[in-house]
Amino acid sequence: MSSAIFDRRERLKRLHEAGSPVFAPSLLSCDFGRVDEVLKQLDADGVTVVHLDVMDGHFVPNLTFGAPLIAEWRKNTGLTFDTHLMMTNPGRYVDDFVAAGCDTLVFHIEIDHDPVPLLRHIRRAGVEAGLSLNPGTPVSMIEPFLDELDTVLVMSVQPGFGGQSFEPKVLSKCRRLKALRSDLRVSIDGGINLKTAHEAVSAGCDLLVAGSAVFRGGTSPRQALDALYASVADHVPRVKTP
Ligand code: DX5
Ligand code: ZN
């Protein structure tokens, strides 16, 4: 493995070069007992980016992992870490996530504070910054901050758990975001499968998070990703397979 890919700028460059759409396997649905092996295999399979779900048991009714575990995983992989902070107080921990080797840090607009100082703090650290919207949260909530963002993560399920059903009503928000800023990376998270991936890409989504579809579909992650890419290939000329 090249040492260059342990450099954050290089990892973000690889993410940008992966083009649109790109699928990001969500580790939430993998075997937490063997994450290092999973990451190694995903890297060998040609995956560029993985999605990390940090849950604090307060913003969402579930707990996962924090910066110390991410730092351990980072020791052995150059995969891009797209990090989804489902936390009431992300600002308290953001420096730890930067130091742990996260490449994007996305927090929720629903927490009660002005997001601009934290977004700027994240970007100054060389990490991409984003805001996430729960299914019921309108785009107007983040419109004033669009220029401060590298990405928006549109939740297509209530955050907290994998394996839920996709809420198609959120697709209009993806279209709206692309109309407002065509260069914004629009990510979508929750219930992505062979059918909904196509709907999401048609609505302009660039990065599609997939947990259950990659790790719990009864095939290998590589086969699952091949099928997901195939499901969008005939509709999207820019599609790039891993
Ligand atoms: C849910 C998480 C998702 C989750 C998606 O709160 O944010 O990233 O892993 O899982 P699936 O793809 O199974 O809906
Ligand atoms: Zn997520």
Side-chain angles (χ1 to χ4, degrees), residues 15 21-32 35 38-39 42 47 49-67 69-70 73 79-88 90 93 97 102-111 128-137 149-171 173-174 185-201 205-221 223-225 227-229 231-232:
L15 173 60
V22 63
F23 286 91
S26 168
L27 296 191
L28 186 65
S29 295
C30 85
D31 179 350
F32 276 5
V35 173
V38 170
L39 291 171
L42 292 174
V47 168
V49 53
V50 291
H51 182 83
L52 306 182
D53 287 301
V54 178
M55 303 188 190
D56 67 352
H58 189 262
F59 181 74
V60 287
N62 199 2
L63 281 166
T64 52
F65 47 79
L69 269 179
I70 295 174
W73 300 335
L79 288 172
T80 308
F81 284 171
D82 177 49
T83 319
H84 179 191
L85 303 177
M86 284 161 273
M87 310 178 79
T88 305
Y93 304 96
F97 289 112
C102 295
D103 299 305
T104 75
L105 287 169
V106 175
F107 58 96
H108 276 259
I109 190 63
E110 295 86 4
I111 59 173
E128 292 196 350
L131 286 169
S132 183
L133 296 169
N134 281 345
T137 304
L149 302 172
D150 298 296
T151 184
V152 171
L153 179 65
V154 175
M155 290 307 299
S156 36
V157 298
Q158 283 301 327
F161 299 92
Q164 303 180 75
S165 296
F166 187 82
E167 297 190 27
K169 68 176 185 191
V170 306
L171 292 172
K173 293 197 282 187
C174 304
R185 184 167 68 250
V186 175
S187 305
I188 191 159
D189 185 5
I192 291 294
N193 57 35
L194 293 177
K195 174 173 176 286
T196 58
H198 168 255
E199 293 170 18
V201 170
C205 294
D206 301 298
L207 184 148
L208 290 83
V209 176
S212 310
V214 170
F215 294 108
R216 303 203 175 180
T219 65
S220 70
Q223 287 171 313
L225 284 161
L228 285 168
Y229 276 103
S231 76
V232 296

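Just follow the structure's listing: the first ligand is 1, and inside any ligand the first atom is 1. Residues take their numbers from the sequence shown, with the count starting at 1. The model shown is predicted, which means the values in this text are computed figures rather than measured ones.
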Side-chain heavy atoms of [X] within contact of [Y], under 4.5 Å:
{"X": "Leu52", "Y": "Phe65", "answer": "yes"}
{"X": "Phe215", "Y": "Ser26", "answer": "no"}
{"X": "Val54", "Y": "Tyr93", "answer": "no"}
{"X": "Thr196", "Y": "Ser156", "answer": "no"}
{"X": "His108", "Y": "His84", "answer": "yes"}
{"X": "Phe59", "Y": "Phe107", "answer": "no"}
{"X": "Ile70", "Y": "Cys102", "answer": "yes"}
{"X": "Val157", "Y": "Phe166", "answer": "no"}

Just verifying a value: how many Å separate [X] [atom1] and [Y] [atom2], rounded to the nearest 0.5 Å?
{"X": "Glu128", "Y": "Thr104", "atom1": "CD", "atom2": "OG1", "result": "7.0 Å"}
{"X": "Leu153", "Y": "Leu133", "atom1": "CG", "atom2": "CG", "result": "8.5 Å"}
{"X": "Thr64", "Y": "Leu27", "atom1": "OG1", "atom2": "CG", "result": "10.5 Å"}

Taking the Zn ion (ligand 2) as the center, what protein N, O or S atoms are found at less than 2.8 Å?
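Near the Zn ion (ligand 2), below 2.8 Å, one finds His51 NE2, Asp53 OD1, His84 ND1, Asp189 OD2.
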If I apply the N/O under 3.5 Å rule, does [X] come out as touching ligand 1?
{"X": "Met86", "value": "no"}
{"X": "Gly211", "value": "yes"}
{"X": "Ser26", "value": "yes"}
{"X": "Gly163", "value": "yes"}

Atom indices of ligand 1 within 4.0 angstrom of [X] heavy atoms, with elements:
{"X": "Ala210", "result": "12 (O)"}
{"X": "Pro159", "result": "6 (O)"}
{"X": "Gly190", "result": "14 (O)"}
{"X": "Val209", "result": "8 (O)"}
{"X": "His51", "result": "8 (O)"}

I would like to know whether Val152 and Lys173 meet side-chain contact (heavy atoms from CB on, under 4.5 Å); could you show each step before the answer?
CA-CA 10 Å; Val152 171; Lys173 293 197 282 187; over 6 Å; no
Which residue and heavy atom of the protein sit nearest [atom], plus the separation:
{"atom": "atom 14 (O) of ligand 1", "answer": "Gly191 N, 2.8 Å"}
{"atom": "atom 2 (C) of ligand 1", "answer": "Asp53 OD1, 3.4 Å"}
{"atom": "atom 1 (C) of ligand 1", "answer": "Phe161 O, 3.5 Å"}
{"atom": "atom 5 (C) of ligand 1", "answer": "Asp189 OD1, 3.5 Å"}

Proximity of His84 to ligand 1 by residue part, where a heavy atom lies under 4.0 Å
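Only the side chain of His84 comes within reach of ligand 1.
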Under 4.0 Å from ligand 1, counting heavy atoms only, is it the side chain of Ser212, its backbone, both or neither?
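Ser212 to ligand 1: contacts from backbone and side chain alike.
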Out of Leu52, Leu28, Thr196, who is nearest to atom 4 (C) of ligand 1 when you count heavy atoms only?
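Ranked by closest heavy atom to atom 4 (C) of ligand 1, first place is Leu28.
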For atom 10 (O) of ligand 1, which candidate among Gly217, Ser187, Ser165, Gly162 holds the nearest heavy atom?
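Minimum heavy-atom distance to atom 10 (O) of ligand 1 goes to Gly162.
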With a 4.0 Å cut-off on heavy atoms, is Met155 in contact with ligand 1?
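For ligand 1, residue contact (heavy atoms, under 4.0 Å) with Met155 is present.
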Report yes or no: does a heavy atom of Gly160 sit under 4.0 Å from some atom of ligand 1?
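It does; at least one heavy atom falls under 4.0 Å.
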Aromatic plane relationship, Tyr229 with Phe23 - under 30° parallel, 30 to 60° tilted, over 60° perpendicular
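Judged by the thresholds at 30° and 60°, the geometry between Phe23 and Tyr229 is perpendicular.
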If only side-chain N and O atoms count, and only distance matters, is there a donor-acceptor pair under 3.5 Å linking Asp53 with His51?
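Note: His51 and Asp53 side chains meet the donor-acceptor criterion.
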Could you check Val50, Leu15, Val22, Val49 and say which one makes a side chain to side chain contact (heavy atoms under 4.5 Å, CB included) with Asp82?
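Testing Asp82 for a side chain to side chain contact (heavy atoms under 4.5 Å, CB included) against Val50, Leu15, Val22, Val49 leaves exactly one candidate, Val49.
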